[in-house]
Amino acid sequence: MNRPSKARIRQSFERAAPTYDSAADMQRRICHQLAEQLPPGPVGRLLDAGCGTGYALPELRQRFPQAHVVALDLSPAMLRHVVTPCCRMAGDLEHLPLADACLDLFWSSLAVQWCDLAAVLREARRLLRPAGHLALASLGPDTFHELRRAFAGVDEYRHTLAFHTADEIGQMAVAAGLSAVSVQRTTQMAHYADFKSLLRAVKAVGANQVGDGRRTGLMSRASFLRAEAAYEAQLTADGLPLTYDVITLHAQK
């Protein structure tokens, strides 16, 4: 599956770090959804893989007050915004700089859609202790479908990432050697007053990198107005809709 290069992803989130928290309402909502699904029980060491600015960390600390917490992200700029006491580490989710069987909880919320998911799941299994738990939230193929529809009649460039289906995610978890695999899919909706504010919000959380097939030059004003008109045709009473097709995965080693 096509992904932007790691350098482009890092650069995008380095730029987004100062604005991320102000625009990450949906990311926070999904983080809470994933946390509510966590099983009870003691956790000695946990990893927040792709922690961003560290929004999940206070809730994870509250749930597991005795845990040693490791916060890891590809972007050093994101890590500089983490304020919760923890071990901060810059790294790649596909090649994690941690020892085998060192974690009781592998947590990742809205990070793995930027990665080779099969590689991340193999790393999660390697790091988990026996009976350790994986809790992961990603995005499915209906995510941002309104944006794709708006640009469909304007150009042939890619405007969103390609996303794995829930079935594919479950199959990859099994293939990685994880057990007790449980996959759930829900829809979360964001709404915006106008097309420009929607695009600004997407850019502010670093979600504007799509890999090969993207537009590399500036969009003409005529093309932008056509896309804007097509998106405005999808207006609801709550505003312009933007779908997040949320897939959560829970599994054990």
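Predicted model only: the values in this text are computed from it and were never measured.
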Testing the basics here: between [X] and [Y], what is the closest heavy-atom pair and its distance to 0.1 Å?
X      : Y      : value
Ala124 : Leu134 : CB-CD1, 3.4 Å
Arg148 : Thr143 : NH1-O, 2.8 Å
Ser108 : Val112 : OG-CG1, 3.7 Å
Ile247 : Thr165 : CD1-C, 3.9 Å
Leu93  : Ala111 : CD2-CB, 4.2 Å
Pro241 : Met189 : CB-CE, 3.6 Å

Nearest-0.5 Å distance, [atom1] of residue [X] to [atom2] of residue [Y]:
X      : Y      : atom1 : atom2 : answer
Ile30  : Tyr244 : CD1   : OH    : 7.0 Å
Ser138 : Leu249 : OG    : CG    : 9.5 Å
Ser223 : Glu228 : OG    : CD    : 12.5 Å
Gln234 : Arg149 : CD    : CZ    : 4.5 Å
Leu147 : Leu199 : CG    : CG    : 6.5 Å
Ile9   : Glu14  : CD1   : CD    : 12.5 Å

Output yes when [X] and [Y] qualify as a salt bridge under the 4.0 Å nitrogen-oxygen rule, no when they do not.
X      : Y      : result
Arg45  : Asp104 : no
Glu59  : Arg63  : yes
Arg126 : Glu123 : yes

Contact between [X] and [Y] at the side-chain level, heavy atoms closer than 4.5 Å - yes or no?
X      : Y      : result
Pro97  : Met89  : yes
Asp116 : Arg3   : no
Lys196 : Arg200 : yes
Leu38  : Phe64  : yes
Val43  : Trp107 : no
Glu232 : Leu240 : yes
Arg185 : Asp142 : yes
Leu128 : Leu103 : yes

Going only through I, L, V, M, F, W and Y residues with side-chain contacts under 4.5 Å, is there a path from [X] to [Y]?
X      : Y      : value
Leu110 : Leu46  : no
Val120 : Phe163 : no
Leu34  : Met26  : no
Val70  : Leu79  : no
Leu127 : Leu72  : yes

Item to complete: Identify, with sequence neighbours excluded, every residue that meets ring pair (Phe, Tyr, Trp, His ring centres under 6.0 Å) alongside Tyr55.
Response: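 So Tyr55 forms a ring pair (Phe, Tyr, Trp, His ring centres under 6.0 Å) with His32.
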Worksheet item: For His133, what residues pass the ring pair (Phe, Tyr, Trp, His ring centres under 6.0 Å) criterion, not counting sequence neighbours?
Response: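 His133 satisfies ring pair (Phe, Tyr, Trp, His ring centres under 6.0 Å) with His250 once adjacent residues are dropped.
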With a 3.5 Å distance limit and no angle check, can you tell me whether [X] reaches the backbone of [Y] through a side-chain donor-acceptor pair?
X      : Y      : value
Ser22  : Thr19  : yes
Arg28  : Asp21  : yes
Arg61  : Pro85  : yes
Thr236 : Asp238 : yes

Worksheet item: When you look at Gln37 and Thr248, which way does the side-chain hydrogen bond (donor to acceptor under 3.5 Å, both in side chains) test go after all the steps?
Response: CA-CA 9 Å; Gln37 299 170 356; Thr248 58; 3.2 Å; yes
Practice prompt. Mind running side chain to side chain contact (heavy atoms under 4.5 Å, CB included) on Leu242 and Val202 for me, showing each step along the way?
Written response: CA-CA 10 Å; Leu242 188 64; Val202 170; 4.0 Å; yes
Discussion item. Can you tell me how the ring of Tyr20 sits relative to the ring of Phe13, calling it parallel under 30°, perpendicular over 60° and tilted otherwise?
Written reply: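 Aromatic pair Tyr20/Phe13 classed tilted.
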Worksheet item: What class does the angle between the rings of Phe195 and Phe224 fall in, given that below 30° is parallel, 30 to 60° is tilted and above 60° is perpendicular?
Response: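 Tilted.
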Worksheet entry | From CA spacing to verdict: side chain to side chain contact (heavy atoms under 4.5 Å, CB included), Leu139, Leu161 | CA-CA 10 Å; Leu139 297 173; Leu161 286 174; over 6 Å; no
Item to complete: For side chain to side chain contact (heavy atoms under 4.5 Å, CB included), just list the numbers for Val69 and Leu60, CA-CA rounded to whole Å, side-chain angles, deciding distance to a tenth of an Å, and then say yes or no.
Response: CA-CA 9 Å; Val69 177; Leu60 292 172; 5.8 Å; no
Practice prompt. May I have the step-by-step check of side chain to side chain contact (heavy atoms under 4.5 Å, CB included) for Arg122 and Arg125, ending in yes or no?
Written response: CA-CA 5 Å; Arg122 289 193 296 269; Arg125 186 188 183 283; 5.9 Å; no
Discussion item. Could you tell me if Ser109 and Gln27 have a donor-acceptor pair between their side chains, going purely by distance under 3.5 Å?
Written reply: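 Checked: Gln27/Ser109 side chains show no N/O donor-acceptor pair below 3.5 Å.
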Worksheet item: Just wondering, more than 12 heavy atoms not from Lys6 lying within 6.0 Å of its NZ?
Response: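 Counting other residues, nucleotides and ligands, NZ of Lys6 exceeds 12 neighbours.
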